[in-house]
Amino acid sequence: MNLNHISRLFLLGSIVSVPVSAAELEISITNLTHGNHFTPILITAHDDASHLFQSGEMATPALQKMAEGGDIGDLAAAAAGNSEITVENPAMGLLAAGAKTSGIMLDTQSMTHLSIVAMVLPTNDAFIGLDAWKIPTEPGSYTININAYDAGTEANDEIINGGGMPGTPGIPAAPGGDGGANGTGVMDNSANSNVHIHPGVLGDTDTAGGMSDLDSRIHRWLNPVARVVVEVK
């Protein structure tokens with residue numbers, strides 16, 4: 001083996017051993033719905049084996065807690081325990097319909113994928129979800145339209161009763177003060193207990209009764225429900 005060949009092997013070894021350079025991200029999230037709010041948002045940067053949720057799989061207790069009551073604490077703790085990089089509640093509370101939270105800075109370090117979740121209110125267990133989006137290595141601006149998912153943990157009865165604890169039926173609140181009362185409840189006969197695309201709400205126009213406490217003129221949506229713009233620096 002000659003000296004030049006040895007030098008080339010050494011150079012190749014040096015290249016392979018160099019760690020992946022960090023990507024600096026600037027993120028904005030826009031609520032595209034007509035009349036729904038997003039609860040505190042959780043953003044995580046992680047490796048390709050980690051997930052906050054997976055469509056077609058059963059929700060974890062931490063995901064259920066977020067999807068039914070808007071509490072991201074357990075999901076954030078699990079992500080931190082897994083050495084993921086998190087941004088919690090960048091909107092500093094609820095993100096109203098049509099509103100945007102921007103200027104969210106995230107140094108991904110060696111992480112390669114991005115995930116985002118937040119509950120949609122008023123619903124029983126709907127949430128916005130971006131699952132393990134691969135972060136581009138090429139600098140630029142990337143737009144992702146994301147859907148609302150159903151956690152599959154609670155029937156979509158559309159009754160606003162202050163319920164928000166896992167396993168407690170009902171909707172915590174209508175943050176816009178535009179919900180009804182005395183609904184008899186929507187009959188949700190779905191047997192799908194896995195995370196899946198949310199079918200949307202039915203609602204009605206009877207604010208003092210009817211089958212639903214949601215207003216079909218305000219709270220119904222079609223996917224996508226959120227727009228995420230990621231600037232890779």
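Positions are given from 1, in the same order as the sequence printed here. Only heavy atoms go into these numbers, but all of them, side chains included; no hydrogens, no water, no symmetry mates.
- Closest approach of Glu68 and Pro166 over heavy atoms only: OE1-CA, 3.3 Å.
- Side chain of Thr86 to main chain of Ala76: no donor-acceptor pair is present (N/O by atom type, distance under 3.5 Å, no hydrogens or angles).
- Annotation: side chain of Val201 is not in contact with side chain of Ser212 (no heavy-atom distance under 4.5 Å).
- A donor-acceptor pair under 3.5 Å is absent between the side-chain atoms of Asp150 and the main chain of His196, judged by distance alone.
- With hydrogens and angles ignored, the 3.5 Å screen pairs no side-chain donor or acceptor of Glu26 with any backbone N or O of Lys233.
- Ile41 and Leu94 are members of different hydrophobic clusters when ILVMFWY side chains are connected at heavy-atom separations under 4.5 Å.
- Between the side chains of Asn31 and Asn36, no donor-acceptor pair is found at a separation under 3.5 Å.
- In terms of modelled atom types and a separation under 3.5 Å, the side chain of Asp47 and the main chain of Ser50 share a donor-acceptor contact.
- No more than 12 heavy-atom neighbours from other residues, nucleotides or ligands sit within 6.0 angstrom of CE on Met58.
- For the residue pair Gly93 and Asn89, the shortest heavy atom distance occurs at N-OD1, 2.8 Å.
- Asp125 places no side-chain N or O within donor-acceptor distance of the main-chain N or O of Ala155, the cut-off being under 3.5 Å.
- Side-chain contact between His198 and Asn156 is present, with at least one heavy-atom pair separated by less than 4.5 Å.
- Closest heavy-atom contact between Phe38 and Thr30: CE1-O, 4.3 Å.
- Environment of CD1 in Ile197: crowded, with over 12 heavy atoms of neighbouring residues, nucleotides or ligands closer than 6.0 Å.
- Side-chain contact between Arg227 and Asn145 is present, with at least one heavy-atom pair separated by less than 4.5 Å.
- Using a 4.5 Å heavy-atom cutoff, the side chains of Asp178 and Asp215 are not in contact.
- In this structure a side-chain-to-backbone donor-acceptor pair under 3.5 Å is present from Thr39 to Met119.
- Put simply, the side chain of Glu158 gets close to the backbone of Leu202: a donor and an acceptor are under 3.5 Å apart.
- The two residues Val229 and Ser141 come nearest to each other via the heavy atoms CG1-OG, 3.6 Å.
- Taking all atoms of both residues into account, the shortest heavy-atom contact from Asp74 to Ala62 is CB-CB, 3.7 Å.
- The CD1 atom of Ile171 sits 8.0 Å away from atom CG of Asn161, with the distance rounded to the nearest 0.5 Å.
- Side chains of Asp131 and Ser55: no donor on one and acceptor on the other come within 3.5 Å.
- Under the 4.5 Å side-chain contact rule for hydrophobic residues, Leu114 and Val232 share a cluster.
- Linking Ile, Leu, Val, Met, Phe, Trp and Tyr whenever their side-chain heavy atoms come within less than 4.5 Å leaves Ile218 and Ile159 in two separate clusters.
- Both Trp133 and Ile116 belong to a single network of hydrophobic side chains, linked directly or stepwise wherever heavy atoms of I, L, V, M, F, W or Y lie under 4.5 Å apart.
- To the nearest 0.5 Å, atom CG of residue Asn194 and atom OG1 of residue Thr153 are 11.5 Å apart.
- For the residue pair His113 and Asp48, no side-chain donor N or O sits within less than 3.5 Å of a side-chain acceptor on the partner.
- Formation of a donor-acceptor pair under 3.5 Å by the Asp204 side chain with backbone atoms of Met211 is found in this model.
- With hydrogens and angles left out, the side-chain atoms of His46 and Ser115 include a donor and acceptor closer than 3.5 Å.
- To the nearest 0.5 angstrom, Thr60 atom OG1 is 11.5 Å from Lys65 atom NZ.
- Taking 4.5 Å as the limit, some side-chain heavy atom of Leu121 sits within range of a side-chain heavy atom of Pro172.
- Side-chain contact check for Val195 versus Leu63: some heavy-atom pair is nearer than 4.5 Å.
- Between the CD1 atom in Ile135 and the CE atom in Met111 there is a gap of 9.5 Å [rounded to 0.5 Å].
- Test Asp71, Leu42, Leu75 against Met66 for side-chain contact (heavy atoms from CB on, under 4.5 Å) and you get one pass: Leu75.
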Problem set entry | Step-by-step side-chain contact (heavy atoms from CB on, under 4.5 Å) determination, Trp221 to Thr123 | CA-CA 11 Å; Trp221 75 78; Thr123 68; 3.7 Å; yes
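- Of all the heavy atoms in Ala59 and Ala151, the pair that sits closest is CB-O, 3.7 Å.
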Exercise. Does the side-chain contact (heavy atoms from CB on, under 4.5 Å) test come out yes or no for Ile85 and Leu106, once each step is laid out?
Worked result: CA-CA 8 Å; Ile85 302 162; Leu106 179 61; 3.4 Å; yes
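- To the nearest 0.5 Å, the span separating CG on Leu130 from CG on Asn147 amounts to 10.5 Å.
- Rounded to the nearest 0.5 angstrom, Leu32 CG and Ile146 CD1 are separated by 8.5 Å.
- A single hydrophobic cluster is not seen to contain both Val120 and Val186; linkage of ILVMFWY side chains at heavy-atom distances under 4.5 Å, directly or through other members, places them apart.
- Put simply, the side chain of Asp157 never gets that close to the backbone of Asp188: no donor and acceptor are under 3.5 Å apart.
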